[in-house]
Amino acid sequence: MHDAAGLPASPQAWSPPLSSEALRQHLSLPATVGLSSLPLSVLDQPLPVYPQLPSTLSRAVNKRRREYQTGRLCACAALRNAGYPHDAYPDMGEDRLPLWPNGWLGSISHSGDYAMAAAAPQSTCIALGIDIQQRVALKALMGTQSLVAQPGELAQLESFDAVTRLLLVFSAKESLYKALYPQVRRILDFDAAELIQADAQVLEFRLTCDWSSCWDTGKRISVRYVVFDEYIVTATYLSDRHST
């Protein structure tokens, strides 16, 4: 059910781990994008492979190590679901970015008790980002609302409660940033993109400054989203520099 503005009237039930096909349908992504989600507890089961931790995480707390390894399991599954012919667990490279196989793009995210990943061949996709956020984990965002979203942005999501509005804008900007950062290699504030339109499945953003020579001021980028009872998932998929 949707309200008069075309936005969801209530969150959907979350049944993780969602299958690749279910995630793709929720986010209206093409079949060329592989998706995967797993609970961190998957590491408590006997597995054929436990992705190797990078040396930079050797002293990290247990939850961070589990997030990394579960995220890499998701990345491997996402690549397979997108048609990559081998098992691959992307290492951590420059700027802590995952090192995807040549000719492939991907994105990894984790929040709460789950990790998620998306992958696609560069022949069909030029930018890809995914983000998952647990509602209760980021209620602290309410104290930094002015840094994340402006009143005009939040007003377009009035069918949601205040926490969901802010978390949805935060997550959408995160997935947009993840999609473009490998190309622009710039750290930008949340006001570098502005929400200008929202409907039941897509949030449209406008870049408010030049991110690079290719991603300049005024460029519009759509972010797909789905709101669940406990989690919000957003994804940015660009098949060329003028479409999503």
Side-chain angles (χ1 to χ4, degrees), residues 11-45 47 49-51 57 63-84 87-92 96-101 104-120 125 127-138 164 167-182 201-203 223-238:
Q12 302 185 52
W14 167 260
S15 302
L18 290 173
S19 68
S20 172
E21 184 59 32
L23 282 171
R24 186 183 300 110
Q25 290 178 359
H26 279 304
L27 295 168
S28 298
L29 290 167
T32 53
V33 178
L35 293 152
S36 176
S37 69
L38 289 169
L40 304 189
S41 60
V42 71
L43 297 174
D44 299 330
Q45 307 170 15
L47 297 173
V49 174
Y50 290 83
L57 293 182
K63 189 173 191 294
R64 177 67 189 104
R65 295 198 302 268
R66 290 168 69 86
E67 288 170 345
Y68 177 91
Q69 290 183 297
T70 307
R72 265 47 188 188
L73 290 172
C74 289
C76 180
L79 284 164
R80 279 290 199 176
N81 290 334
Y84 188 70
D87 287 340
Y89 304 89
D91 290 330
M92 184 187 294
R96 303 176 69 86
L97 293 176
L99 296 175
W100 299 92
W104 291 78
L105 293 176
S107 181
I108 301 172
S109 183
H110 47 75
S111 183
D113 297 323
Y114 292 90
M116 184 173 289
C125 177
L128 181 63
I130 195 165
D131 189 72
I132 178 173
Q133 299 291 342
Q134 186 180 30
R135 291 166 180 267
V136 297
L138 287 182
T164 302
L167 193 54
L168 183 51
V169 174
F170 175 84
S171 180
K173 290 183 178 182
E174 282 287 297
S175 71
L176 189 159
Y177 180 79
K178 289 178 182 179
L180 298 189
Y181 182 79
Q201 289 185 305
V202 176
L203 304 178
V223 179
R224 296 99 182 290
Y225 75 94
V226 58
V227 176
F228 296 105
D229 288 333
E230 294 184 42
Y231 290 85
I232 287 171
V233 180
T234 59
T236 303
Y237 168 84
L238 304 176

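The shown structure was predicted, so the numbers you read here are calculated from the model rather than taken from an experiment. Scope of the values below: all heavy atoms of this structure, side chains included, with no hydrogens, waters or symmetry mates.
- Within the 4.5 Å cutoff, the side chain of V33 has no heavy atoms near those of the L27 side chain.
- Here the straight-line distance linking atom CG of L167 with atom CD of E174 works out to 10.5 Å at 0.5 Å rounding.
- Residues L180 and T236 form no side-chain contact, since every pair of their non-hydrogen atoms from C-beta on lies 4.5 Å or further apart.
- S175 places no side-chain N or O within 3.5 Å of a backbone atom of D131 that could act as its donor or acceptor partner.
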Pair up each side-chain donor or acceptor in residues 74-81 with any protein partner under 3.5 Å, not counting sequence neighbours, and list the distances.
unit_1: R80; atom_1: NE; unit_2: D87; atom_2: OD1; d: 2.9
unit_1: R80; atom_1: NH1; unit_2: P85; atom_2: O; d: 2.9
unit_1: R80; atom_1: NH2; unit_2: D87; atom_2: OD1; d: 3.4
unit_1: N81; atom_1: ND2; unit_2: L35; atom_2: O; d: 3.0
unit_1: N81; atom_1: ND2; unit_2: A77; atom_2: O; d: 3.2

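- Of the candidates T234, I130, I132, T234 is the only one forming a side-chain contact (heavy atoms from CB on, under 4.5 Å) with S171.
- A donor-acceptor pair is defined here as one N or O able to donate and one able to accept, closer than 3.5 Å; no such pair exists between the side chain of R72 and the backbone of I108.
- Smallest separation of non-hydrogen atoms from S37 and M116: CB-CE, 3.8 Å.
- Side chain of R65 to main chain of L57: no donor-acceptor pair is present (N/O by atom type, distance under 3.5 Å, no hydrogens or angles).
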Query - salt bridge (charged side-chain N to carboxylate O under 4.0 Å, His left out) between R66 and D113, intermediate numbers included - result: CA-CA 10 Å; R66 290 168 69 86; D113 297 323; over 6 Å; no
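- The two residues L128 and A120 have their closest heavy-atom pair at CD2-N, 3.9 Å.
- With sequence neighbours excluded, the residues satisfying ring pair (Phe, Tyr, Trp, His ring centres under 6.0 Å) with Y181 are Y177.
- Taking the charged nitrogens against the carboxylate oxygens, K63 and E67 do have a contact shorter than 4.0 Å, which makes a salt bridge.
- Across L29 and A235, no two heavy atoms sit closer than the pair CD1-CB, 4.2 Å.
- Between Y225 and I232, the closest side-chain pair of non-hydrogen atoms is not below 4.5 Å.
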